[in-house]
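Letters go in sequence order (proteins before strands), and every chain restarts at 1.
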2 protein chains.
Amino acid sequence: MTPQRRLILDILHSQNSHLTADDIYEKIKNHIAGVNISTVYRTLDLLEGLGLVVKSEYENGHIYHHAEEGRHHHLVCQECGQIQECTENSLLPLSLELKQKYGFEADLHHHVISGTCAKCHSATKTHHHTD
Amino acid sequence: MTPQRRLILDILHSQNSHLTADDIYEKIKNHIAGVNISTVYRTLDLLEGLGLVVKSEYENGHIYHHAEEGRHHHLVCQECGQIQECTENSLLPLSLELKQKYGFEADLHHHVISGTCAKCHSATKTHHHTD
DNA sequence: GTCCGTGCAAAGCGTTTGCACTGTC
DNA sequence: GACAGTGCAAACGCTTTGCACGGAC
């Protein structure tokens, strides 16, 4: 457990949110000069392998958060980019259905759902903006 | 509607499956020599805009299928890569819950769910293979 | 001396863009 | 001549990899 690795894990804990590799890289640079983005990726990979970090798909890349938050899913607003969490059990019925109907063992541990958050949705409705 | 565009749409219809831009590119090359991957992307973009093609997130890129298949979702097996479809209404209860609990308007029109298909799942259990 | 972790630069992959060519109106 | 569609090459953003250095055992 090197300073770089410790720091990456600390950042993920202290932010308690979902960060891209680059977010983490930017934050690290405030603490240790000369850190490299490749170290960030390598460390995130390692930490994911150790089960300390969870990696989720996000747009053209990935977002990471620490594993101790408990199981949850991400509701990503396509308008404002805000990421909300939803509890794991919201997806449990779906999981069961996929298992029963399709024999498919869904991996919903770190799932990303796109859509529109309440705020943006009401804004859209109010302004009648044509998409 | 140029030959290239017609062909891309035809490929998506004839395959009736989910293809990456590169899959399509490879298939096109069998019919028209000298087609460029950028034309594929541009055309897919255009067809998506016209509502003829649906684009979904997939690993580090995207998959495309034609729009006439009706609403469904993709169950992507992480072991064998196979893509199954599941009906739209499997996700309706989830959609309702996200709306009620979080005010989140989920866009589940072309959603990708990762996991393990029945075949691979039973194989894994049988072989006790350590991951 | 061997190993592991690292910084650095380069490569990789999927995707997008600038530009010049071609054909159509 | 204006325009749209294209091929080509170069660029892009995110991620991975090869290699050499440096510190721990």
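- Across the protein-nucleic acid pair, B:Leu46 atom CG and D:dG5 atom P stand 7 Å apart, rounded to whole Å.
- Checking the phosphate oxygens (OP1, OP2) of D:dC14, no side-chain nitrogen or oxygen of A:His62 falls inside 4.0 Å.
- Rounded to whole Å, atom P of D:dT16 lies 16 Å from atom OH of A:Tyr25.
- If you take CG of A:Asn60 and P of C:dG12, they are 21 Å apart, rounded to a whole angstrom.
- One can find a donor-acceptor pair under 3.5 Å joining the base of C:dC8 and the side-chain atoms of A:Ser38.
- Residue B:Gln4 has a polar side-chain atom (N or O) positioned under 4.0 Å from OP1 or OP2 of D:dT6.
- The CZ atom of A:Arg6 sits 18 Å away from the C1' atom of C:dT6 (whole-angstrom rounding).
- In terms of polar N and O atoms assigned as donor or acceptor, the side chain of B:Arg42 comes within less than 3.5 Å of the base of C:dG18 in a complementary pairing.
- Cluster annotation: B:Phe104 is not connected to A:Leu92 through the hydrophobic network of ILVMFWY side chains, with a link wherever side-chain heavy atoms come within less than 4.5 Å.
- For B:Asp45 and D:dA4, the CG to C1' distance is 16 Å, given to the nearest whole Å.
- Ring geometry, A:His65 versus A:His18: the interplanar angle exceeds 60°, so the pair is classed perpendicular (tilted spans 30 to 60°).
- Each of B:Val35 and A:Thr20 was matched to the nucleotide of DNA chain D holding its nearest heavy atom; the match closer to the 5' end belongs to B:Val35.
- Side-chain nitrogen and oxygen atoms of A:Tyr41 include at least one within less than 4.0 Å of the OP1 or OP2 phosphate oxygen of D:dT15.
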